[in-house]
Amino acid sequence: MAEGGVPYPSVFMVDSHAAYPPLPPKPRPPGRGGAAQSLLFLLVGLALCGLAIEACFIYHLYSKQGSAVSGSAGMSIQDQEDIPKEVPPTSRPNPIVLPSKPVAHLTAGPQAPHGDGVMVWDMQTEPLLHEMEYKDGKLVIQKEGYYYVYSKIFFSEVDVAFTHSVCRTTPRYLRKDIELLKSRRYYPKSGKMISSSNSYLGGVFHFFKDDSIFVKVKNVTQVRIHSSTENVFGIYMI
């Protein structure tokens, strides 16, 4: 305090070299950092999902290819096992669709008819025989029923009679052959040139098991055998 009772004013010292306090950090705009992180996570997730889907697709593709290769190899082995080693020359391989009923179709070969006129049929050309037997020019019935029988003979027209017939033998009647169908041609002497003709027979009959059916001709020298389609003999169940 000064003299005379007058107080002196308070004096404060200011340091001009003192450092100012740090300013608070600026606030970030709301939502900017969160959206970028979400977009990054979404892209990473899509990439991982794509890799997983691609891996599954490749796995299934190779699995199917492996199954197909193994299956084809198995089929090839099975096909090789199903192929018969040897087929006898007198047997006929089964067709794709087997007949549902007994049937036979025969064609004449190079052999001449027997001395008694019974036609001989070719067994080397694999004839059609299903549930039927062939023996000495005759078809043997294996199943009782009604059948249609047919025969065609190609012959020369000369000045003598020509007879073409379909006959039957059966254990029920042992005396002689039974004629079922017959065609007789006679050409009188006319001085004309020798020509050719066809004789066709066909009909429906009931047969028992073990009955035999055959074709018989008279004057066998008139039968002309030039093609397998000219002389035929067949039967089928109706």
Side-chain angles (χ1 to χ4, degrees), residues 88-92 94-95 97-158 160-187 196-238:
T90 58
S91 65
R92 181 185 182 89
N94 290 332
V97 179
L98 291 176
S100 59
K101 295 181 180 181
V103 61
H105 181 81
L106 309 177
T107 57
Q111 293 181 336
H114 290 163
D116 55 359
V118 176
M119 290 288 296
V120 179
W121 306 100
D122 189 7
M123 291 291 104
Q124 299 299 320
T125 57
E126 299 181 352
L128 174 60
L129 282 173
H130 179 69
E131 295 185 1
M132 302 286 294
E133 287 187 3
Y134 176 81
K135 184 177 180 181
D136 297 330
K138 302 177 181 180
L139 288 172
V140 183
I141 303 297
Q142 301 298 306
K143 186 177 181 180
E144 180 183 352
Y146 285 91
Y147 291 80
Y148 181 79
V149 185
Y150 61 91
S151 174
K152 187 185 85 70
I153 298 296
F154 184 55
F155 65 98
S156 300
E157 296 177 348
V158 293
V160 295
F162 177 78
T163 303
H164 168 210
S165 59
V166 175
C167 302
R168 166 189 181 184
T169 59
T170 175
R172 298 169 178 267
Y173 190 74
L174 301 177
R175 294 184 180 181
K176 62 177 182 179
D177 301 339
I178 303 173
E179 284 188 345
L180 302 178
L181 300 166
K182 185 175 181 179
S183 173
R184 188 173 184 271
R185 304 286 184 91
Y186 178 74
Y187 301 92
S196 302
S197 183
N198 289 284
S199 173
Y200 182 86
L201 299 173
V204 177
F205 302 91
H206 179 271
F207 297 114
F208 295 95
K209 188 178 184 299
D210 296 328
D211 286 355
S212 297
I213 315 299
F214 59 96
V215 176
K216 193 172 183 179
V217 296
K218 186 177 180 181
N219 294 325
V220 297
T221 56
Q222 294 178 243
V223 177
R224 304 185 65 177
I225 302 176
H226 298 288
S227 173
S228 60
T229 59
E230 293 175 345
N231 302 283
V232 297
F233 174 39
I235 182 174
Y236 58 87
M237 177 179 279
I238 58 176

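We're numbering straight along the sequence, starting at 1.
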Heavy-atom distance under 4.5 Å between the side chains of [X] and [Y], does that happen here?
| X | Y | answer |
| --- | --- | --- |
| Ile141 | Ile235 | yes |
| Tyr200 | Ile153 | no |
| Pro102 | His130 | no |

Least distance between heavy atoms, [X] atom then [Y] atom:
| X | Y | answer |
| --- | --- | --- |
| Val215 | Val166 | CG2-CG2, 4.5 Å |
| Gly137 | Phe214 | O-CB, 3.7 Å |
| Phe233 | Val149 | CE1-CG1, 4.0 Å |
| Val220 | Val217 | CG1-CG2, 3.6 Å |
| Gly109 | Ile225 | O-CG2, 3.2 Å |

Go through Arg168 and Asp211 one step at a time and tell me if the salt bridge (Lys or Arg N to Asp or Glu O under 4.0 Å) criterion holds. CA-CA 7 Å; Arg168 166 189 181 184; Asp211 286 355; 2.8 Å; yes
Using only heavy-atom distances, determine whether the side chains of [X] and [Y] contain a donor-acceptor pair under 3.5 Å.
| X | Y | value |
| --- | --- | --- |
| Lys152 | Asn231 | no |
| Thr107 | Asp122 | no |
| Ser183 | Ser199 | yes |

Salt bridge (charged side-chain N to carboxylate O under 4.0 Å, His left out) contacts touching residues 213-233 (sequence neighbours left out): none
Short side-chain to backbone donor-acceptor contact, Thr125 and Pro127, under 3.5 Å: no
Using modelled atom types and a 3.5 Å cut-off, is there a donor and acceptor pairing between side-chain atoms of Asn219 and backbone atoms of Thr221? no
Measure from the ring center of Trp121 to the ring center of Tyr134 and say whether it is less than 6.0 Å. no
When rounded to the nearest 0.5 angstrom, what is the spacing between CZ in Arg184 and NE2 in His164? 15.0 Å
CG-CG distance between Leu129 and Leu139, expressed to the nearest 0.5 angstrom: 6.5 Å
Between His206 and Phe208, what is the ring plane arrangement, given parallel below 30°, perpendicular above 60°, and tilted in between? perpendicular
Give the ring-plane orientation class for Tyr150 versus Tyr236, where under 30° counts as parallel, over 60° as perpendicular and anything between as tilted. tilted
